[in-house]
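Scroll down for the structure; my scribbles are underneath it.
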There are 2 protein chains.
Amino acid sequence: MFPTYANVSERMAAPPALAISTVIFALRPSAVSGRPTLWLPLVKRIREPFEGMWALPGGPMTQAESLQDAAARNLRETTGLAPAYLEQLYAFGGLHRSPSERVVSIVYWALVQPTEAAMAQESANVKWVRADATGPLAFDHNEIVEYALWRLRNKMTYGSIAYHFLGEKFTLAAVREVYEAVLNRSVDPANFRRQLMTAPQIEATDEYLQGGKHRPPRLYRYTGVEAGGPPGFHQLS
Amino acid sequence: MFPTYANVSERMAAPPALAISTVIFALRPSAVSGRPTLWLPLVKRIREPFEGMWALPGGPMTQAESLQDAAARNLRETTGLAPAYLEQLYAFGGLHRSPSERVVSIVYWALVQPTEAAMAQESANVKWVRADATGPLAFDHNEIVEYALWRLRNKMTYGSIAYHFLGEKFTLAAVREVYEAVLNRSVDPANFRRQLMTAPQIEATDEYLQGGKHRPPRLYRYTGVEAGGPPGFHQLS
DNA sequence: TTAGTTAGAGTCAAATTGACTGAAACTAAT
DNA sequence: ATTAGTTTCAGTCAATTTGACTCTAACTAA
């Protein structure tokens with residue numbers, strides 16, 4: 001029933017290799033409009049298959065850590081990021097994802113805050129691209145990004161992940177910009193404000209964001225905790 | 001970056017074993033009230049670890065099939081079921097899920113229709129239990145069932161999976177009973193009807209369910225298709 | 001001082017929701 | 001044949017929520 005392999009002969013000839021990858025989302029100001037848009041970092045493959053192509057950060061599973069830990073560690077090693085939000089996306093196990101060997105990839109998705117996102121510097125092997133225009137990627141990574149985007153939008157309309165894009169204190173306009181960037185449509189500021197204010201998890205601080213060009217907006221704080229989710233899933237940071 | 005193992009020495013000493021399990025939900029009339037409640041089938045473990053305990057149906061991954069196919073095949077082999085709905089739930093990869101070896105389990109969840117559910121006969125090695133009272137299970141399967149229940153309830157309030165519990169044609173009262181069983185609270189029949197009628201994916205047939213004790217209800221049909229979801233995810237049946 | 005822009009409060013009609021009523025259709029018991 | 005009981009299904013009504021919009025306060029830059 002369950003694989004308890006009393007002896008080696010019972011095991012299948014060549015078990016699928018296990019890998020971990022991550023789709024990392026961050027908001028960055030658009031080059032054209034200046035408004036924040038969704039971006040993600042890619043790394044360049046340095047060996048076959050798909051050598052020279054861009055791909056999601058990832059690597060093989062190692063023995064001594066949970067899936068979540070493996071994702072977090074690999075992320076730190078490949079991009080230097082320690083995201084505030086890291087959740088399992090999906091296990092991809094199609095037969096021909098990799099041309100050579102059978103690989104099952106457990107893919108996580110992460111949200112990082114703007115201050116952190118700045119830490120993943122561009123280099124010859126790391127570049128940031130707009131989430132809706134990644135260009136052709138290695139393996140089935142285009143499909144994976146597509147699905148991650150769909151999940152992000154889904155969870156945004158429903159839940160409360162928007163705040164993981166932001167720092168501890170934020171303006172209501174910043175939250176609205178997250179919504180607008182992810183859902184890709186404009187939101188009425190007054191109505192959006194009204195909705196947030198009725199949500200009990202938004203707490204007003206007595207601080208205001210100074211240094212802007214216009215009336216200084218009040219800063220707020222998110223006090224809610226993610227409900228439900230898989231066992232062993234804990235918020236980092 | 002990605003596991004392409006040019007030579008064996010590069011591979012880690014003992015890669016985690018890969019397994020597939022499934023949480024199968026079906027509605028069955030409660031022994032006490034007669035109203036439908038959520039049940040799921042368990043299989044008895046016939047070897048260590050946890051020999052003699054009840055567990056979710058599952059087995060090791062074999063080489064030549066996708067994860068989805070592996071789940072469907074294993075389900076057919078262990079319980080005889082071919083569910084109308086089969087979706088990936090989560091990949092569980094804690095370090096100590098199995099006492100002997102490191103096992104990563106990719107768990108699917110399924111909804112089966114009452115006619116099909118009757119096919120999975122109880123036997124010495126298969127029993128059906130109420131989803132909210134499974135008793136102690138092998139491995140971390142209690143946590144898995146818990147999480148599957150959470151996901152089912154979540155998706156029910158939002159999406160349109162309720163119909164996968166039912167046959168092609170159904171009464172509105174049957175849909176309501178699905179909601180009541182899964183969400184575990186009563187729903188106002190008139191208001192529920194009104195909501196369903198405004199949904200464009202519900203199509204009225206000109207047939208009525210005869211043989212009941214009271215006014216015969218009209219039969220309806222679900223014409224919607226699941227939107228979004230991971231790539232390579234297709235409805236069976 | 002004035003023009004321009006954002007923050008934030010408030011208005012109003014339309015749409016949705018929750019609680020409820022009542023007639024119609026059927027069965028089973030009298 | 002009549003009646004009681006139960007379910008389907010249409011409809012009412014007040015409360016709440018939503019979308020579109022206005023208006024004033026607060027600030028900066030010209």
Are B:Phe92 and B:Tyr90, when compared by the centres of their aromatic rings, separated by less than 6.0 Å? yes
Sequence neighbours left out, what pairs pass ring-ring contact (aromatic ring centres under 6.0 Å, His included) with at least one residue falling in residues 184-213 of chain A? A:Tyr179-A:Phe192
Atom CG of A:Leu38 and atom CZ of A:Arg28: how far apart are they, to the nearest 0.5 Å? 12.0 Å
If you take any heavy atom closer than 4.0 Å to DNA chain C, which residues from residues 210-224 of chain B end up in contact? B:Gly212, B:Lys213, B:His214, B:Arg215, B:Pro216
Closest non-hydrogen atom pair, B:Pro200 against B:Thr223: O-OG1, 4.2 Å
Quick check against the 3.5 Å criterion: does A:Ser123 have a side-chain atom that pairs as donor or acceptor with the backbone of A:Asn125? yes
Only counting residues at least two apart or in another chain, list the ones meeting salt bridge (charged side-chain N to carboxylate O under 4.0 Å, His left out) with A:Arg176. A:Glu180
Closest approach of B:Gln113 to B:Ala84 (non-hydrogen atoms, all atoms of both residues): NE2-CB, 3.7 Å
Using a 4.0 Å cut-off to any heavy atom of chain B, which nucleotides of DNA chain D are the first and last in contact, reading 5' to 3'? D:dG5 to D:dT12
Between A:Arg151 and A:Asn154, do the side chains contain a donor N or O and an acceptor N or O under 3.5 Å apart? no
For residues 128-140 of chain A, please give each side-chain donor-acceptor pair under 3.5 Å, one per line with the distance, not counting sequence neighbours.
unit_1   : atom_1 : unit_2   : atom_2 : d
A:Trp128 : NE1    : A:Ala120 : O      : 2.9
A:Arg130 : NE     : A:Asp132 : OD1    : 3.3
A:Arg130 : NH2    : A:Asp132 : OD2    : 3.3
A:Thr134 : OG1    : A:Asn142 : OD1    : 3.3
A:Asp140 : OD1    : A:Arg97  : NE     : 3.4
A:Asp140 : OD1    : A:Arg97  : NH2    : 3.1
A:Asp140 : OD2    : A:Arg97  : NE     : 2.7

Salt bridge (charged side-chain N to carboxylate O under 4.0 Å, His left out) with B:Glu177: which residues, sequence neighbours excluded? B:Arg35
For B:Ala91, does its backbone N or O pair with a side-chain atom of A:Gln88 as donor and acceptor, under 3.5 Å? yes
Could you pull out all residues at least two apart from B:Glu207 that satisfy side-chain contact (heavy atoms from CB on, under 4.5 Å)? B:Lys169, B:Thr205, B:Leu219
For B:Tyr220, ring-ring contact (aromatic ring centres under 6.0 Å, His included) partners two or more places apart: none
Would you mind reading off the bend of the helix from C:dT1-D:dA30 to C:dT30-D:dA1 from its two end axes, five pairs each, to 10 degrees? 0°
Taking only residues two or more places apart in sequence, or in another chain, which ones meet B:Tyr108 in a ring-ring contact (aromatic ring centres under 6.0 Å, His included)? none
I'd like to know whether CD of B:Glu65 has more than 12 heavy-atom contacts from other residues, nucleotides or ligands below 6.0 angstrom. yes
Start and end of the DNA chain C segment that chain A contacts, any atom under 4.0 Å from a heavy atom: C:dG4 to C:dT11
DNA chain D contacts among residues 177-203 of chain B, heavy-atom distance under 4.0 Å: B:Ala190, B:Arg193, B:Arg194
